[in-house]
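Taking it in order: structure first as structure tokens, then the write-up.
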Amino acid sequence: MNYQYTKQFRQALVQWFLEEQRDLPWRRTKEPYQIWVSEVMLQQTRVDTVIPYYNRFIEKYPTAESLAYSPEEELLKMWEGLGYYSRVRNLQAGVREVVEVYGGKVPDNRVDISKLKGVGPYTAGAILSIAYGKPEHAVDGNVMRVLSRVLNIDADIALPKTKKIFEQAVTELIDHENASSFNQGLMELGALICTPTSPKCLLCPVRDYCTAFHEGDPSSLPVKSKKLKTKNIEYDVYIIRDQQGRFLMEKRPQAGLLANMWQFIMIERQADENSLTKVEKQYNVTLEHNSKETILSFSHVFSHLKWHIDSYLVDAVETNANPENTAYFTKEQIANLPMPVPMLKIWGKINA
DNA sequence: GACGCGTGGGC
DNA sequence: TGCCCAAGCGT
């Protein structure tokens, strides 16, 4: 793209963004901390999904100081249903560092901000450009899709090295006077016009500068490889109710899938094995086998695996010392525990 | 560089 | 239904 085209492209993109952008909660602030929260929530997550979470989160934690030392379980509850739960733990670690090392002020340069937990190349550029107006690249999936079409680039965007091509392109194209609107404009264009399927080229404000529109095929870009089959796991889930009407729950390990979230007792189903007996041994409880009642059978798809769950309600006749990370809770207590969506589904059925 | 890490929506 | 995806990051 020559210099004249570059200038016109910038101007058309920024003007379109200023006129057509959606009114989103995080666009009503320039507080770096609040922009940061929104960017973390938006990682791999749709705008419509994020909006209510963002509003609740900012109301409860309006400043870096208010978030820095809140209990993790409370944070996880605020994040419940959003997914990728390590995001909120990393966010708090980063925010705490800002409070302790930077006096509560989010760094305004890429080197320092990139040291913060959970702040990668994209989030760094997004905060720097949106909150501070710095001409820094912020390349996400939208930007790679839009620019792969505008510049007719067919490099495989599933390969990490391909992102460098787009970071370089943005560095050359970005409007130094309107870095925030330029970066957000690329993403907004990707969300509203230059969509993955059926791009609305006839409505596109930068169609005149789009190489793929004139010389190629926008809908065939970007090129993206990869796609592995997910693993299937079958579980029996037992909602164990003691004689006081409390329910046995277990806290998941502090690392890995759904780290530190709470669940009902979950046993991987094995062929020719009585899982009820296994539960009694493992959790030091005597169950009334006749009371076993089927609650719900369903599948839950994760990004990399699939759970097939059969769930049951069963009464405990006798309970003894609980294993580590397990406890009996009342319904009121359970309402305050962070649980993954499949457990919420089961719990909702129990209370229906 | 490959893989682990959630969820809900669109087609 | 099954697959794709959506404002990525840590290990």
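Chain A is the first sequence line, chain B the second, and so forth, proteins listed ahead of strands; every chain is numbered from 1.
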Problem set entry | OP1 or OP2 of C:dT11 under 4.0 Å from side-chain N/O of A:K117 | yes
Problem set entry | A:H304 vs B:dG4: side-chain N/O to OP1/OP2 distance below 4.0 Å | no
Problem set entry | Most 5' of A:G118 and A:V143 on DNA chain C, judged by nearest nucleotide | A:V143
Exercise. If we take the P atom in both C:dA6 and B:dC5, what is their distance in whole Å?
Worked result: 23 Å
For this session: Taking only Lys NZ, Arg NE, NH1 and NH2, and the carboxylate oxygens of Asp or Glu, determine whether A:D315 and A:K292 approach each other closer than 4.0 Å.
Result: no
Exercise. A:F166 CZ to C:dG8 P: how many Å, rounded?
Worked result: 14 Å
Problem set entry | Candidate nucleotides C:dG8, B:dG6, B:dT7, ranked by approach to the side chain of A:L257 - the nearest | B:dG6
For this session: Could you check which of B:dG1, C:dG8, C:dG10 has an atom nearest any side-chain atom of A:K161?
Result: B:dG1
Problem set entry | Separation of atom NZ in A:K163 from atom C1' in B:dA2, rounded to whole Å | 15 Å
Problem set entry | Residue mapping more 5' on DNA chain B - nearest nucleotide basis, A:T197 or A:R87 | A:R87
For this session: Please work out if A:K231 contacts a base, only the sugar-phosphate, or nothing of the nucleic acid, heavy-atom cut-off 4.0 Å.
Result: nothing
Exercise. What does A:S38 touch in the nucleic acid at a heavy-atom separation under 4.0 angstrom: a base, only the sugar-phosphate, or nothing?
Worked result: nothing
For this session: Could you give the distance separating C:dC9 and B:dG8 at their P atoms, to the nearest angstrom?
Result: 23 Å
Problem set entry | Ring centre gap for A:F302 and A:H300 strictly below 6.0 Å | yes
For this session: Answer with base, sugar-phosphate or nothing: what part of the nucleic acid does A:W79 contact at a heavy-atom distance below 4.0 Å?
Result: nothing
Exercise. Just checking, is any N or O donor in the side chain of A:S275 or A:Q270 under 3.5 Å from an acceptor N or O on the other one?
Worked result: no
For this session: Provide, to the nearest angstrom, the distance between the CD atom belonging to A:E39 and the C1' atom belonging to C:dG8.
Result: 11 Å
Exercise. Mapping A:G141 and A:K224 onto DNA chain C by nearest heavy atom, which one lands closer to the 5' end?
Worked result: A:K224
For this session: Pick base, sugar-phosphate or nothing for A:V50, based on heavy-atom distances below 4.0 Å to the nucleic acid.
Result: nothing
Exercise. So A:W262 and A:F329, would you call those rings parallel, tilted or perpendicular, with 30° and 60° as cut-offs?
Worked result: perpendicular
Exercise. Hey, does A:V47 reach any base, or is it just sugar-phosphate, or nothing, if we go heavy atoms under 4.0 Å?
Worked result: base
For this session: Would you indicate which nucleotide in C:dG8, B:dT7, B:dG1 comes nearest to any side-chain atom of A:T123?
Result: C:dG8
Problem set entry | Integer angstrom distance from the P of C:dC4 to that of B:dC3 | 16 Å
For this session: When you get a sec, tell me which of C:dG8, C:dC5, B:dT7 is the closest nucleotide to the side chain of A:P196?
Result: C:dC5
Seminar exercise, completed: The single option from A:E72, A:Q254, A:K117 that satisfies side chain to side chain contact (heavy atoms under 4.5 Å, CB included) with A:R89 is A:E72
Exercise. Quick one: A:I51 CD1 to B:dG8 P, roughly how many Å, whole number?
Worked result: 16 Å
For this session: State, with a plain yes or no, whether a side-chain heavy atom of A:D108 is found less than 4.5 Å away from one of A:K134.
Result: yes
Seminar exercise, completed: Here the distance between atom C1' of B:dG6 and atom CG of A:L344, to the nearest Å, is 12 Å
For this session: Using a 4.0 Å heavy-atom cut-off across all strands, classify A:G190 as base, sugar-phosphate, or nothing.
Result: nothing
Seminar exercise, completed: note: A:R252, atom CZ; B:dG6, atom C1'; distance rounded to Å ~ 12 Å
Exercise. Heavy atoms under 4.0 Å, any strand shown: does A:L258 hit a base, just sugar-phosphate, or nothing?
Worked result: sugar-phosphate
Exercise. Hey, is the side chain of A:R145 poking within less than 4.0 Å of OP1 or OP2 on C:dA6, counting only N and O atoms?
Worked result: yes
Seminar exercise, completed: To the nearest angstrom, the CG-P distance between A:D48 and B:dT7 comes to 18 Å
Exercise. With respect to the phosphate group of B:dG8, does any side-chain polar atom (N or O) of A:T45 fall under 4.0 Å of OP1 or OP2?
Worked result: no
Exercise. OH of A:Y69: more than 12 outside heavy atoms within 6.0 angstrom?
Worked result: yes
Problem set entry | A:Q43 side-chain proximity, nearest of B:dT7, B:dA2, C:dG8 | C:dG8
Exercise. For the pair made of OH in A:Y84 and C1' in C:dG10, what is the distance, rounded to whole Å?
Worked result: 12 Å
